[in-house]
Each structure stands twice: as C-alpha cells, then as structure tokens.
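Below, chain A is the first sequence line, B the second, and so on; all start at residue 1.
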Protein chains: 2
Amino acid sequence: MKRIADSTIRRLSLYLRFLEEFEARGLSTISSDELAARGGTTSAQVRKDLSFFGSFGKRGLGYSVPELSSRLRKILGLEREWRVIIIGAGKIGAALAQYNGFAERGFRITAIYDNDPRKIGRDVDGLTIRALDCLPTDRESTEAEIAVIAVPASAAQATADLVVDAGIRAIMSFAPRRLTVPEEVSVKMINMAMELEGLSFALTNRGSA
Amino acid sequence: MKRIADSTIRRLSLYLRFLEEFEARGLSTISSDELAARGGTTSAQVRKDLSFFGSFGKRGLGYSVPELSSRLRKILGLEREWRVIIIGAGKIGAALAQYNGFAERGFRITAIYDNDPRKIGRDVDGLTIRALDCLPTDRESTEAEIAVIAVPASAAQATADLVVDAGIRAIMSFAPRRLTVPEEVSVKMINMAMELEGLSFALTNRGSA
DNA sequence: TTATGTGAACGCATTCACAGCC
DNA sequence: GGCTGTGAATGCGTTCACATAA
C-alpha cells in the first residue's frame with residue numbers, strides 16, 4: 001500500500017463520524033460535497049482521500065452511507081475491539097480511565113498502572129491500579145495493543161521503552177517530549193499545554209498575522 | 001507579520017521547553033543542532049523557524065540560552081498570565097480543572113461552567129461549577145481570554161457561539177466536530193478518540209504501509 | 001573553523017479541472 | 001445533468017547548500 005498522509009487518516013475518522021450520524025438518521029446516500037461541508041474541507045479533498053483506498057461511490061449519485069461507513073471502519077481497523085492500557089494514574093491518566101468516549105469507539109481500557117506505592121491497589125472506575133512492574137507479565141495474558149502514556153515528562157522515555165519491550169506497537173503520549181521508538185512503533189502525541197501556547201501566540205499576534 | 005505555519009509555532013513551544021531545561025542546568029549557549037536533536041528535527045528547520053522572527057544567534061557560536069528562551073516567551077505571548085475558563089464539567093472538563101500542567105505554563109483556570117443543574121454549585125478543585133448562563137456577565141468582570149470546550153459533540157457549536165458572543169477569541173475544543181467561528185477567533189482541536197483511530201489504522205496496516 | 005541566516009531546490013499535500021460513468 | 005475519480009497544476013513547508021559573520 002502507498003504511504004498515506006496522517007492528515008488523510010484524521011479526515012477519514014471525521015468522515016466516519018458524519019456517516020454514522022447520517023446512518024442513524026436513516027439517510028442512504030451522501031455526496032462528497034456534503035461530507036466536505038461537515039468536515040470543513042472540499043469535495044475534491046474528500047474524493048482524493050477515499051481514492052487512496054478504492055472507488056466507493058457512484059458517479060452522478062454519491063456514496064452509499066452504510067457501505068462507505070463500513071468501508072471506512074474496515075480501513076481504519078475499527079471492526080474489532082482494541083485493548084488499551086494506561087500508564088500513569090495521575091490527574092490525566094485517572095480521567096482517561098473514567099472517560100467513556102474511548103469505549104464507545106471500540107477502545108477498551110483493560111488496565112491502569114503506576115509506580116507510586118500510594119496509588120497501587122487503589123480503584124479507578126472499576127480498575128485497580130497496578131504496579132508498573134507487572135506490565136510485562138500482564139501483557140503476556142492480556143495482550144493489550146495500545147498504551148497511553150500519562151506520566152511526567154521526565155519518565156516518558158523510560159516508560160516508552162518499557163512498553164515497547166513488552167511488545168506494544170502503538171503509543172498515545174501526553175508527555176511533552178519526543179519519544180524515541182523503533183520505527184515499527186506508532187506514536188501519537190497529545191500536548192494540551194502546547195496547544196494553549198499556540199492560542200497564546202494567536203492572541204498575541206492577532207491583527208498582524 | 002508574515003503568515004507563520006502552525007507547525008512552526010508548535011516547534012517553538014517545544015524548543016522553549018528544552019531551553020528551560022538547559023537554563024535550569026545553568027548552560028549558557030546552545031546550537032541549532034542540539035535543539036534539533038532534542039526536538040526530533042533538523043538544525044536547518046530550527047534556524048528557519050527562528051528566522052521568521054529575527055536573528056537571535058551568533059555565527060560560529062550558537063544561541064544564548066537565556067536570551068533565546070526570553071525571545072521565544074515573548075514571541076509566544078507567554079510573558080503574561082492567561083485566564084482560561086472550562087465549559088463542561090464532565091469527565092474531561094473536571095480532569096482539566098484539576099490538572100496542574102496548565103497553571104505551570106501560565107494558563108490559570110478561573111472558572112468552570114456546566115448547564116446540568118445537578119452539577120452546578122458542586123466544587124471541583126477549589127472552583128465552584130457555575131451555570132452556563134452566567135458566562136456572559138461573568139466574562140465582563142473576569143475577562144477570560146481562552147475557553148476550553150469539553151461538552152458533548154452535539155452541544156459544541158452552540159457552546160462555541162456562546163463563547164464567541166461573550167467576546168472570547170481563543171478556543172481549545174475536545175469535541176469531535178468542526179466549529180464554525182468568525183475568522184478572528186482561533187480554534188485548536190484535541191480529539192483523543194481520533195488519535196486512537198490513527199493508531200488503529202497504523203496497527204491494522206503495519207508492514208504494508 | 002564553526003555555526004548562523006537565507007535564497008533556492010525539493011517533495012508532498014491540496015486544489016483544479018475535466019474525462020468518465022450513472 | 002450530476003457527481004465521482006484522477007492526472008496535472010499549484011502552493012507550501014521542509015531541506016539543501018552556501019555566503020556570512022564570529
């Protein structure tokens with residue numbers, strides 16, 4: 001398969017959301033124009049994004065809503081459930097464990113870890129916080145596929161190494177640090193403070209920018 | 001000022017973090033190469049990013065750590081404190097209110113709002129959850145500059161409209177929906193479920209991608 | 001000699017425009 | 001006629017390479 005841009009994948013996710021809304025409303029077809037309007041992009045962009053994966057539409061008509069959403073779910077790998085573990089039971093980690101938005105999208109949180117003895121054994125939304133040392137053995141049985149790293153920046157790289165050694169190939173990290181990982185491991189960074197700084201920049205330079 | 005790419009601003013944020021670490025360790029100069037290595041980019045990229053704003057280095061020597069970090073703080077608008085309000089006291093909103101990472105970077109959370117009567121009046125980390133209706137009048141006195149939208153997707157646009165009407169010009173949204181706002185309003189989207197879907201895609205198509 | 005600053009070259013994502021099919 | 005699918009054109013961020021200054 002040809003290399004696909006990250007931005008394309010992010011848009012596919014977005015299209016799928018709209019398709020699911022349309023599906024819920026019982027609509028049967030949709031045009032690239034309608035998808036584009038909802039996603040804040042152009043119809044050409046929508047068609048190009050889809051074209052990397054095949055031809056799903058009918059000329060003169062548009063796309064079948066159930067068919068296209070099924071194709072997108074397949075492309076994105078969302079036909080199965082993914083097992084997610086959270087490392088770090090601080091404010092962010094604990095909030096994520098309690099957040100329902102992941103499960104709704106097929107990402108089931110199976111465990112939460114920390115290395116602070118005061119936190120280990122405590123309960124977070126039905127999950128018991130486990131010692132980080134347990135991770136390698138735990139994984140042999142649970143086979144989690146995705147790790148969320150929500151530890152302090154200074155511990156992020158060591159945590160990533162541990163997670164990769166345990167056989168995990170996908171990481172979502174909240175630490176403001178670039179993680180060095182083998183190339184077969186995918187990493188997504190989420191940095192809220194950095195986004196706020198982007199807003200600070202925009203506010204400071206508005207008018208002239 | 002010339003239009004600056006988002007990616008440049010995000011990298012400036014990152015450089016600033018490294019500079020602060022260097023400053024804390026008492027180092028006085030740093031080269032574009034060292035900054036690049038830490039940030040996972042190239043020295044040419046670092047120099048180009050900085051060149052949009054001026055010439056801060058000394059040829060043959062590098063950059064003065066305290067001077068460059070001060071310049072970056074000024075560029076990013078981080079010499080002042082920003083007042084942030086959170087809309088939506090659900091899992092995400094409440095977690096953000098308790099999270100210390102923002103205050104550390106100069107973003108002070110001054111209020112949290114919800115429109116669920118059962119939540120209004122409750123306390124979250126020292127802040128009392130206020131009725132959403134209070135926002136317009138509150139803002140006249142508090143003059144918050146940034147709003148974090150952590151409401152369900154279906155309410156996101158209405159919330160954005162309310163916030164914009166109240167005079168706020170910067171929004172960080174956690175709702176998986178494109179927000180339509182006047183062009184003078186800056187919006188940053190954070191969508192964790194979408195990032196997870198990106199990982200799902202990578203895992204599903206690994207090897208062939 | 002060393003490392004910055006920057007115009008020029010490059011590569012890649014987006015946009016255009018139209019041929020192709022319903 | 002309407003809308004998709006796609007090569008070609010465009011625009012833009014990144015990389016290169018070297019003149020410039022310490």
Results of side-chain hydrogen bond (donor to acceptor under 3.5 Å, both in side chains) for [X] - residues two or more places apart only:
{"X": "B:Asp114", "result": "none"}
{"X": "B:Ser70", "result": "none"}
{"X": "B:Thr159", "result": "none"}

When rounded to the nearest 0.5 angstrom, what distance separates CG in A:Leu19 from CG in A:Leu27?
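If I round to the nearest 0.5 Å, the distance is 10.5 Å.
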Sub-4.0 Å heavy-atom contacts from residues 23-36 of chain A onto DNA chain D, ordered by number:
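Hits under 4.0 Å, by residue number: A:Ser31, A:Ser32.
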What range of DNA chain D does chain B touch, first nucleotide to last, counting atoms under 4.0 Å from its heavy atoms?
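It runs D:dG13 to D:dA22.
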If you look only at distance, which donor and acceptor atoms sit under 3.5 Å apart when one is on a side chain in residues 99-107 of chain B and the other is two or more places apart or in another chain?
unit_1, atom_1, unit_2, atom_2, d
B:Arg105, NE, A:Glu197, OE2, 2.8
B:Arg105, NH1, B:Glu20, OE1, 2.8
B:Arg105, NH2, A:Glu197, OE2, 2.9

Review item, side-chain donor-acceptor pairs of residues 57-68 of chain B, under 3.5 Å, at least two apart:
unit_1, atom_1, unit_2, atom_2, d
B:Ser64, OG, B:Glu67, N, 3.2
B:Glu67, OE2, B:Arg71, NH1, 2.9

Heavy-atom protein contacts under 4.0 Å, nucleotides 13-22 of chain C, coded B base, S sugar-phosphate only, - none
SSBBB-BBBB
Nearest heavy atoms of B:Val46 and B:Ser32, plus distance in Å:
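Looks like CG2-O, 3.8 Å.
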Show the nearest heavy-atom pair for residues B:Tyr113 and B:Leu132, with the distance to one decimal.
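So the two residues come closest at CB-CD1, 3.9 Å.
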Neighbours of DNA chain C within residues 177-194 of chain B, by heavy-atom distance under 4.0 Å
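Those residues whose heavy atoms fall under 4.0 Å from DNA chain C, taken from residues 177-194 of chain B, amount to none.
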May I have the list of side-chain donor-acceptor pairs in residues 141-158 of chain A shorter than 3.5 Å, sequence neighbours left out?
unit_1, atom_1, unit_2, atom_2, d
A:Ser141, OG, A:Asp138, O, 2.9
A:Thr142, OG1, A:Asp138, O, 3.2
A:Glu145, OE1, A:Arg83, N, 2.8
A:Glu145, OE2, A:Arg80, NH2, 2.6
A:Glu145, OE2, A:Arg83, NH2, 2.8
A:Gln157, OE1, A:Thr180, N, 2.9
A:Gln157, NE2, A:Asp161, OD1, 2.9
A:Gln157, NE2, A:Thr180, O, 2.9

For residues 184-191 of chain B, dump all side-chain donor-acceptor pairs below 3.5 Å to protein atoms at least two apart in sequence or in another chain.
unit_1, atom_1, unit_2, atom_2, d
B:Lys188, NZ, B:Asp6, OD2, 3.4
B:Asn191, OD1, B:Ala193, N, 3.3
B:Asn191, OD1, B:Met194, N, 3.1

Which residue pairs pass the salt bridge (charged side-chain N to carboxylate O under 4.0 Å, His left out) test with at least one member in residues 25-39 of chain A, sequence neighbours excluded?
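For residues 25-39 of chain A, and leaving out neighbouring residues, the salt bridge (charged side-chain N to carboxylate O under 4.0 Å, His left out) pairs sorted by first residue read A:Glu21-A:Arg38.
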Is there side-chain contact between B:Thr204 and A:Trp82, with at least one heavy-atom pair below 4.5 Å?
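Answer yes - side chains close enough.
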